[in-house]
Amino acid sequence: MSLVYDSLARWSVAWSPLQVPALGLHVRGPAMLASQKDFNNAVSQVKLLKEDPGNEVKLKLYALYKQATEGPCNVPKPGMLDFINKTKWDAWNALGSLSKEAARQNYVDLVSRLSASSESPSPEAPAADRKQPESDSLVVTSEDGITTIRLNRPAKKNALTTQMYHDIIAALQAASKDESAITVLTGSGDYYCSGNDLTNFTHLPAGGLEEMARSAAALLRDFVNCFIDFPKPLVAVVNGPAVGISVTILGLFDVVYATDRASFHTPFSHLGQSPEGCSSYTFPKIMGSSKAAEMLLFGKKLTAQEACAQGLVTEVFPDGTFQKEVWARLKAYSKLPPNAMRISKQIIRNREKEKLHAVNAEESSVLRERWQSDECMNAIASFLSRKAKL
Ligand SMILES: CCCC/C=C/CC(=O)SCCNC(=O)CCNC(=O)[C@H](O)C(C)(C)COP(=O)(O)OP(=O)(O)OC[C@H]1O[C@@H](n2cnc3c(N)ncnc32)[C@H](O)[C@@H]1OP(=O)(O)O
């Protein structure tokens, strides 16, 4: 095995994806997908990375580059003993029929995440030194091998402000590098989370509605990408009702524990919006297409027991003993060997990642349009004028 890894390291210097000549590409696809210019910039940016991203990531960059420039792999498979070329071929071939546009987008996303993490000042932020969120609406703690990210806006049912999305992204990035074994997302007070703060839509920038929708879609994509890529066991401790995006991203968690007081509600049609958090892909996979449609098209609210029966929730606990039982269990799990848990998660999740990134890009692109629609504007205006509640 080490022969393959050593050879790959040398291969990446000797024949990096960057040295494959760029082909003139025809740019098409929805506005949200990366343009040829974005792709070329990302290709140049890779050369400026301060840290070696490692063989696994280099292989992924190679595969995405080939898919983006040449399309699906249709060259003959190298022989068994040609380790290096066979490994490269396998990586490219694993992308299947992913479109050139989606591969280009995934390449751009990956490079942007690599650039961001190579710029982060401290690779291992212990809990005490962790950069704290910008506002009190998010509280991040690390104890007993568990990093807990707590939504802390109980008076507003933990609705997510724009600042909170940014703070959660930063908290997940820090948690992915800290010493904890498990990361938990939970809420303060009687709600888990009432979804996107609808007043986010009232802060119109100078560019108006169009600019607001563009930047919200970019933020949504970055936010969901962090959940797709999170490398350690990620657990949702659902302490009360959950709405909107706090429900849809549950499909990206490894385990979901819920109090029997919780409910799960995705009222997208009521709001003139459409699904996000990769739920258009994960929900049908988890619960079957017709149950998913009832939730995502008709906004059917599930009880905790129903969500558990449909596979969205792992286990439901009586509210009176919820916190005690769940935390005792998580403390025991956090003592398991962390590397084994990471590697097992990788095996379970990795083959889905490219697909999830493509779904996330598409959902964000569709929502960008929805947020500018009359249906959506009217629904939000109605909530803000207190005419409508879920
Ligand atoms: C950039 C990424 C964008 C990602 C997009 C995601 C899409 C979604 O998440 S869609 C889901 C959006 N959420 C909602 O539609 C929920 C709206 N809230 C309600 O319907 C109700 O507040 C409730 C059913 C959640 C709770 O009702 P309840 O009677 O128990 O409490 P309230 O008095 O209504 O709420 C207390 C307080 O909190 C404010 N609030 C609650 N949720 C939100 C919210 N999502 N956005 C803004 N504000 C919210 C509510 O207005 C009250 O505030 P005041 O005390 O100041 O009146």
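Note that the structure is predicted; figures quoted are calculated from it, not measured. For the numbers below, each heavy atom of this structure counts, side chains included, while hydrogens, waters and symmetry mates do not. Just follow the structure's listing: the first ligand is 1, and inside any ligand the first atom is 1.
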Enumerate the atoms of ligand 1 whose separation from the nearest heavy atom of [X] is less than 4.0 angstrom.
{"X": "A159", "answer": "43 (C), 44 (C), 45 (N), 46 (N)"}
{"X": "S194", "answer": "12 (C), 13 (N), 14 (C), 16 (C), 25 (C), 41 (C), 42 (N), 43 (C), 44 (C), 45 (N)"}
{"X": "I245", "answer": "4 (C), 6 (C), 8 (C), 9 (O)"}
{"X": "Q273", "answer": "7 (C)"}
{"X": "A155", "answer": "36 (C), 37 (C), 38 (O)"}
{"X": "G195", "answer": "9 (O)"}

For this session: Name the option, out of F383, Y165, W371, that contains the heavy atom nearest to atom 19 (C) of ligand 1.
Result: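 Minimum heavy-atom distance to atom 19 (C) of ligand 1 goes to F383.
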
For this session: Measure the distances from the heavy atoms of Y191 to every atom of ligand 1 and state whether one is below 4.0 angstrom.
Result: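 Distance cut 4.0 Å: Y191 passes for ligand 1.
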
Problem set entry | A216 near ligand 1 by a heavy-atom separation under 4.0 Å | yes

Exercise. Counting N and O atoms only, with roles assigned by atom type, does the side chain of D178 sit under 3.5 Å from a partner on the main chain of S180, one being a donor and the other an acceptor?
Worked result: yes

Exercise. Are more than 12 heavy atoms from other residues, nucleotides or ligands located less than 6.0 Å from atom NZ of K331?
Worked result: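 Not more than 12 within 6.0 Å, no.
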
Exercise. Any chance the rings of F322 and Y257 have centres within less than 6.0 Å?
Worked result: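 Ring centres of Y257 and F322 not closer than 6.0 Å.
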
For this session: Taking the six-membered ring for Trp and the full ring for Phe, Tyr or His, determine whether the centres of F39 and Y65 are under 6.0 Å apart.
Result: yes

Exercise. Do any N/O atoms on T199 end up under 3.5 angstrom from N/O atoms on ligand 1?
Worked result: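 No - when backbone and side-chain N and O of T199 are compared with those of ligand 1, no distance drops under 3.5 Å.
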
Problem set entry | Derivation and outcome, side-chain hydrogen bond (donor to acceptor under 3.5 Å, both in side chains), residues N200 and N196 | CA-CA 8 Å; N200 290 342; N196 190 39; 2.9 Å; yes

For this session: May I ask you to check whether D136 and N152 show a side-chain donor-acceptor distance below 3.5 Å?
Result: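 Result is no, nothing qualifies.
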
For this session: Would you kindly say whether H166 and D222 are connected by a side-chain donor-acceptor distance under 3.5 Å?
Result: no

Problem set entry | L271, portion touching ligand 1 at heavy-atom distance under 4.0 Å |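 L271 to ligand 1: side-chain contact only, backbone stays beyond 4.0 Å.
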
Problem set entry | Stepwise salt bridge (charged side-chain N to carboxylate O under 4.0 Å, His left out) test for D190 and R261 | CA-CA 9 Å; D190 62 341; R261 234 180 12 84; 5.5 Å; no

